[in-house]
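The figures that follow rest on heavy atoms only: side chains count, while hydrogens, waters and symmetry mates do not. Lettering of chains follows the sequences in order, A, B, ..., and the numbering in each one begins at 1.
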Protein chains: 2
Amino acid sequence: MSKYDCLKLENQLCFPLYACAKAVTRHYKPLLDEFDLTYTQYITMMVMWEKKSASVKEIGECLYLDSGTLTPLINKLESKGYIEKHRSDDDARGVVVTITEAGKKLRDKMVKVPNDMGGCVALSEEEAGELYTLLYKILNHFDEIDAL
Amino acid sequence: MSKYDCLKLENQLCFPLYACAKAVTRHYKPLLDEFDLTYTQYITMMVMWEKKSASVKEIGECLYLDSGTLTPLINKLESKGYIEKHRSDDDARGVVVTITEAGKKLRDKMVKVPNDMGGCVALSEEEAGELYTLLYKILNHFDEIDAL
DNA sequence: TTAAAATAAATTGCATACAATTTAATTGTA
DNA sequence: TACAATTAAATTGTATGCAATTTATTTTAA
C-alpha cells in the first residue's frame, strides 16, 4: 500500500479502455482489408449509409472527429468511389458529402462484418449491454463538460 | 427493422469504445501538458515507475505496443531525461531502459493526476469496477486468440 | 451597410499505431 | 561447428488524431 498505487497501470481504468479500443480495431483489420477500408473509413461509411448526405461537420459530430482527420479520409473514400463531395448551395463554406451507388452496394457486401466481429468479443448479450451503457455514460458526461 | 440495422453506428459496441478511449486521452491532455508528456508517454512512465528497468519488448508487452511505436517514444522520454537506454549485456540484440532520478522525481509530481482525471469520469466506484472487469474480459480473450 | 466576429474546411505539424522490412545478434540443429 | 531459423530493435510507409493556423464565406452588430 503506497501513495504511488494510483499511478500503477493495473489500477487505471483508462488503460484497459485504451488498450481494448486498439485491440478491437486491430481485430477489425483482417475483416476490413477484404473491402480495402480502414476502421475509421468503415464507421464513416456507417454514417453515410444512414444519412445518405451530410456535411463534414455533421460527420464529425457523429464520429467525434474534426476536419483535420476527416478531410483526407473523405478524399480517400471519394477516390474509392463510395462518396462524392460538392460545395453546399446554401452555404459555400460547407461541403456536402453524398453516398454513391457503389457506396450503397458496399453496404450489402458488408452486412456480414458485424457478425464476424461479434465472434471475437468474449461477452454475453447482457455484458455487452452493460458495457454499452457504461461507455455512453462516460461519453455523454464528456459531451456535457465540453458543451460548457 | 432492416437487415442493415447491424451496420448502424448506434448498434455498435466498438464505436463507443473507440470514441470513449479517444475522449479519455483527450481529457488527459491538459493535465499532462503541465508535465510535457503525452498520454502514451505517461503510461510508459507508469511501467518504468513500477519496473525501474525493462527491455523495449517488455514495455511493449505491458502496453500492447510494438517497437515501431516505442522506439521513437522512448527516445523522446530519454531526451527529456526521465529514462536511459543501453544495450543489454546478456543479449546485445536487446535494449534495456532504466528510469533516472529525474524520472523518479516526476512520479512524486504526478501522483495527483489520477485523482484529477477521476473527476472527469461520470461513474460510481461500482460502475467503474464493472467497466474494468468487462474491458479486461475482452482484452484477455483477445490475448488468448492471439496466442494461438 | 459595413466591419468585426463567427463558422466550415482545408492545411500544417506533431505524435501515435501498426504492418512490413531490415539489421544485428542469438539459438537450435543437422 | 556451420548455418538456418528465430528474435529484438530500428526503420519505413501509411493512416489516423488533434491542436493550431489559414482561407473563404456568412452572420452579427454597431
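Atom OH in B:Y39 sits about 22 Å away from atom P in D:dT16, given to the nearest Å. A straight line from CG of B:D33 to C1' of C:dC14 spans 13 Å, rounded to a whole angstrom. In this entry the distance linking NE2 of A:H27 with C1' of C:dC18 reads 13 Å, nearest Å. What separates CG of B:L73 from P of D:dT11 is a distance of 15 Å, to the nearest Å. Atom NZ of A:K76 and atom P of D:dT14 are 10 Å apart (whole Å). C:dA9 atom C1' lies 14 Å from atom CD of A:E78, rounded to whole Å. If you measure from atom CG of B:D90 to atom P of C:dT26, you get 10 Å, rounded to the nearest angstrom. We find that CG of B:D89 is positioned 15 Å from C1' of C:dT26, with the value rounded to whole Å.
Taking every side-chain heavy atom of B:D91 into account, C:dA25 is the closest of C:dA25, C:dC18, D:dG17. Here D:dT16 is the nucleotide among D:dT16, C:dA9, D:dA10 with the atom lying nearest to any side-chain atom of A:T40. Closest contact between the side chain of A:S67 and the listed nucleotides D:dA9, C:dA25, C:dA9 involves C:dA9. Comparing C:dC18, D:dC18, D:dA10 against the side chain of A:R26 picks out C:dC18 as the nearest. Among D:dA19, D:dA9, D:dT26, the nucleotide with an atom closest to any side-chain atom of A:A92 is D:dT26. Distances from the side chain of B:R93 to the nucleotides D:dC18, C:dA24, C:dT11 place C:dA24 closest.
Looking only at side-chain heavy atoms (C-beta outward), A:I138 and B:L131 come within less than 4.5 Å of each other. B:M110 places a side-chain heavy atom less than 4.5 Å from the side chain of B:W49.
When hydrophobic clusters are built by joining Ile, Leu, Val, Met, Phe, Trp and Tyr residues whose side-chain heavy atoms come closer than 4.5 Å, directly or via intermediates, A:L63 is not grouped with A:V96.
Phosphate contact (OP1/OP2 of C:dT16, side-chain N/O of A:Y18, threshold under 4.0 Å): absent. Not one side-chain nitrogen or oxygen of B:T38 sits closer than 4.0 Å to the OP1 or OP2 atom of C:dC14. Phosphate proximity of C:dA9 to A:K85: absent, as no side-chain N or O sits under 4.0 Å from OP1 or OP2. Here A:T69 does not reach the OP1 or OP2 of D:dG17: none of its side-chain N or O atoms lies under 4.0 Å away. Considering only side-chain N and O atoms, B:K29 lies nowhere under 4.0 angstrom from the phosphate OP1 or OP2 of C:dT16.
DNA chain C is contacted by A:S55, A:V56, A:K57 of residues 41-66 of chain A, taking any non-hydrogen atom closer than 4.0 Å.
Counting non-hydrogen atoms under 4.0 angstrom, A:G94 reaches the backbone sugars and phosphates but no base. A:L70 comes within 4.0 angstrom of no nucleic acid atom, judged by non-hydrogen atoms across all strands.
Residues A:A23 and A:I74 both approach DNA chain C. Their nearest nucleotides, taken by heavy-atom distance, put A:I74 toward the 5′ side.
With respect to B:E58 and B:K51, no salt bridge is recorded, no charged nitrogen being found less than 4.0 Å from a carboxylate O. Salt-bridge check for A:E61 with A:K57: passed, with a basic side-chain N closer than 4.0 Å to an acidic carboxylate O.
In this entry C:dA15 has D:dT16 as its Watson-Crick or G-U wobble partner, both defining distances falling under 3.5 Å.
In this view, B:D33 and B:K29 satisfy the side chain to side chain donor-acceptor pair (under 3.5 Å) rule, not counting sequence neighbours. For B:N11, the side chain to side chain donor-acceptor pair (under 3.5 Å) test picks out no residue, with sequence neighbours left out.
Between the side chain of B:D66 and the main chain of B:T69, a donor-acceptor pair closer than 3.5 Å is present.
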